[in-house]
Q: 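Let me give you the structure first, and then I'll get to my questions.
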Amino acid sequence: MKPKVWEQRKLGDEAEEILAGGDIDKEKAVDDGVYPIYANALTNDGIVGYYDDYYRVKAPAVTVTGRGEVGRARARMIDFTPVVRLLAVRSNHDCYFLENAINNHKVVVESTGVPQLTVPQLSSYDICFPKDIVEEKKIGTYFNQLDRLITLHQRQTDFYKKSNFYFISS
């Protein structure tokens, strides 16, 4: 019998920490600083300000939107502070692999009011992990490069559309 290559595990069992964002300390927040403050927003990479001498989450980590477009994950490579309904996951897994795994997880919103994702819900996600961390890192790197290429292509397309450049192929 061939051994299993991948194992399904609960995210909560694999994470060192999963936490929800809190309030912004407006007295310490600055427009341009060392440690980003991330909110649930998808615009401006979610950055709503900075702290010069404080962060709540040690990178690398993954943020996950808890409201709005629920369940959107983003790998973060700089120490940061999540605020409001932004969730943060720290683990020993490759962040880019984890970002992709969470983004491809079907989000089930259990409330009838404003859709939201909570720490217990995120902790219960079943994620398939390769047994080999080297394979996980290769997969994470591949998806990160692919995402960057897609983003670059979208920016170029948007630039051409905004510039009113039209290319006619023969």
Side-chain angles (χ1 to χ4, degrees), residues 10-107 109 111 114-125 127 129 133 136-159 162:
K10 297 276 184 214
L11 182 57
D13 294 337
E14 294 299 305
E16 291 178 15
E17 176 180 41
I18 301 178
L19 56 92
D23 295 329
I24 294 175
D25 185 342
K26 293 180 181 177
E27 291 180 13
K28 288 186 175 185
V30 294
D31 291 335
D32 188 25
V34 179
Y35 304 108
I37 302 169
Y38 293 116
N40 230 16
L42 297 177
T43 57
N44 194 32
D45 198 29
I47 296 173
V48 293
Y50 293 87
Y51 290 135
D52 279 327
D53 58 359
Y54 173 78
Y55 61 86
R56 190 164 167 221
V57 178
K58 179 81 176 148
V62 175
T63 57
V64 184
T65 55
R67 281 214 179 133
E69 193 174 329
V70 176
R72 293 296 305 156
R74 181 74 192 258
R76 305 295 184 176
M77 298 304 171
I78 298 171
D79 300 339
F80 66 94
T81 297
V83 294
V84 194
R85 290 298 319 152
L86 187 67
L87 308 176
V89 180
R90 280 191 337 100
S91 77
N92 290 321
H93 290 279
D94 181 80
C95 282
Y96 296 114
F97 175 88
L98 200 53
E99 170 190 54
N100 187 275
I102 292 170
N103 283 336
N104 284 296
H105 191 278
K106 184 179 179 196
V107 177
V109 178
S111 68
V114 176
Q116 70 177 4
L117 181 65
T118 64
V119 170
Q121 290 168 325
L122 182 59
S123 297
S124 72
Y125 275 22
I127 306 286
F129 294 96
I133 190 69
E136 184 177 298
K137 287 180 187 256
K138 286 180 181 178
I139 293 168
T141 298
Y142 173 79
F143 280 114
N144 182 43
Q145 290 172 343
L146 185 61
D147 285 344
R148 286 175 186 241
L149 184 62
I150 290 168
T151 300
L152 178 63
H153 178 70
Q154 287 172 335
R155 286 182 184 155
Q156 288 174 340
T157 301
D158 289 346
F159 170 77
K162 288 178 184 175

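The analysis underlying the following values was restricted to heavy atoms, covering all of them including side chains, and did not include hydrogens, waters or symmetry mates. Position 1 is the first residue of the sequence, and the numbers go up from there. This structure is a prediction, so every number in the text was calculated from the model and none was measured.
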Q: Any side-chain heavy atom of I102 within less than 4.5 Å of one from L11?
A: yes
Q: Measuring only between side-chain heavy atoms, which start at C-beta, is F129 closer than 4.5 Å to L98?
A: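 Yes, side chains in contact.
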Q: Quick check: do V89 and E99 have side-chain heavy atoms less than 4.5 Å from each other?
A: no
Q: Is there a side-chain contact between T141 and Y96, using heavy atoms and a 4.5 Å cut-off?
A: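 Of all side-chain heavy-atom pairs linking Y96 with T141, none is under 4.5 Å.
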Q: Taking salt bridge (Lys or Arg N to Asp or Glu O under 4.0 Å) as the cut-off, I'd like each qualifying pair that reaches into residues 23-36, sequence neighbours left out, listed once.
A: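 Sorted result for residues 23-36: empty, none.
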Q: Show the nearest heavy-atom pair for residues P82 and V57, with the distance to one decimal.
A: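 Nearest heavy atoms, P82 then V57: CD-CG2, 3.7 Å.
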Q: Sort out for me which residue in N40, N103, L117, V64 forms a side-chain contact (heavy atoms from CB on, under 4.5 Å) with R72.
A: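 Option passing the side-chain contact (heavy atoms from CB on, under 4.5 Å) with R72: N103.
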Q: Please report the shortest heavy-atom distance between M77 and P60, naming the atom on each side.
A: SD-CB, 3.7 Å
Q: Closest heavy-atom contact between A61 and R90?
A: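 Shortest heavy-atom contact: CB-CG, 3.7 Å.
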Q: As an exercise, state the distance from CG of D45 to OG1 of T43, rounded to the nearest 0.5 Å.
A: 9.5 Å
Q: For A101 and I127, work out which heavy atoms get closest and say how close.
A: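 For A101 versus I127, the nearest heavy atoms are CB-CG2, 3.7 Å.
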Q: Can you find a heavy atom in the side chain of Y35 that is under 4.5 Å from one in the side chain of T81?
A: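 The answer is no; the side chains never approach within 4.5 Å.
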Q: Do V62 and H93 have side chains that approach each other closer than 4.5 Å (heavy atoms only, starting at C-beta)?
A: no
Q: Under 3.5 Å, is there a donor-acceptor pair between the side chain of N104 and the main chain of N100?
A: yes
Q: Which value, rounded to the nearest 0.5 Å, describes the distance between S124 atom OG and K10 atom NZ?
A: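 Going from the OG atom of S124 to the NZ atom of K10 covers 6.0 Å.
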Q: Looking at side-chain heavy atoms only, is the closest gap between I47 and Y38 below 4.5 Å?
A: yes
Q: Mind checking the CG-CD1 spacing from L122 to I18? Nearest 0.5 Å is all I need.
A: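 Between L122 CG and I18 CD1, I get 5.0 Å after rounding to 0.5 Å.
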Q: Keeping to residues at least two apart or across chains, list the salt bridge (Lys or Arg N to Asp or Glu O under 4.0 Å) pairs with something in residues 48-61.
A: K58-D79
Q: Using only atom types and a distance under 3.5 Å, with no angle test, would you say the side chain of T63 pairs donor to acceptor with the backbone of A88?
A: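 Checked: no pair found.
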Q: Taking all non-hydrogen atoms of both residues, which atom of I37 and which atom of A29 are closest, and how far apart?
A: CD1-CB, 4.0 Å
Q: Once you round to the nearest 0.5 Å, how far does CD of Q145 lie from CG of D147?
A: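 So the gap between those two atoms works out to 10.5 Å.
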Q: State, to 0.1 Å, how close V83 and I24 come at their nearest heavy-atom pair, and which atoms those are.
A: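 Minimum heavy-atom separation between V83 and I24: CG1-CG1, 3.5 Å.
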Q: Give, for atom CG of L19 and atom CG of L87, the distance between the pair rounded to the nearest 0.5 Å.
A: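 Output value for this atom pair is 8.0 Å.
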